[in-house]
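The model shown is predicted, which means the values in this text are computed figures rather than measured ones.
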Amino acid sequence: MPGMPNGKPAGVRCVQLADDNLCRIFGQPERPAFCGGLQPSMDMCGDSREYAVQWLGELERLTAP
């Protein structure tokens, strides 16, 4: 991850996420493939930002080394 040479730890905001929650490197070749592979769905996003953040936190917890 550009700007995070040791990877992005679970629960830590990505340094490429701007204040408006848009990716600063969207569409650029240095954007990691896993970022583009994460496609939003109703299961993931639910009906609120809070739900989505909780869901992503659980996904990070489940996939942590």
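- C23 SG to Q28 CD: the interatomic distance, rounded to the nearest 0.5 Å, is 8.0 Å.
- You'll find the side chain of N21 reaches within 4.5 Å of the side chain of R49, heavy atoms only.
- For D20, the CG atom is densely surrounded, since the number of other residues' heavy atoms within 6.0 Å is greater than 12.
- In terms of heavy-atom proximity, K8 sits nearest to V12 at NZ-O, 2.9 Å.
- Scanning all heavy atoms of the two residues, the minimum distance from L17 to R24 falls at O-NH1, 3.4 Å.
- The closest side-chain heavy-atom distance from P9 to M4 is below 4.5 Å.
- Side-chain contact between V15 and P2 is absent, with no heavy atoms from C-beta onward closer than 4.5 Å.
- Summarising the local packing, CD of Q54 is surrounded by 12 or fewer heavy atoms from other residues, nucleotides or ligands at distances under 6.0 Å.
- One distance of note links CG of D43 with OH of Y51; it measures 6.5 Å at 0.5 Å rounding.
- You'll find the side chain of M44 reaches within 4.5 Å of the side chain of L56, heavy atoms only.
- If you chain together hydrophobic residues whose side chains sit under 4.5 Å apart, F26 and L22 never meet in one group.
- Remark: S48 OG to W55 CH2 distance equals 14.0 Å, nearest 0.5 Å.
- Note: Q39 CD to C45 SG = 10.5 Å, rounded to the nearest 0.5 Å.
- Annotation: side chain of F34 is in contact with side chain of M1 (closest heavy-atom distance under 4.5 Å).
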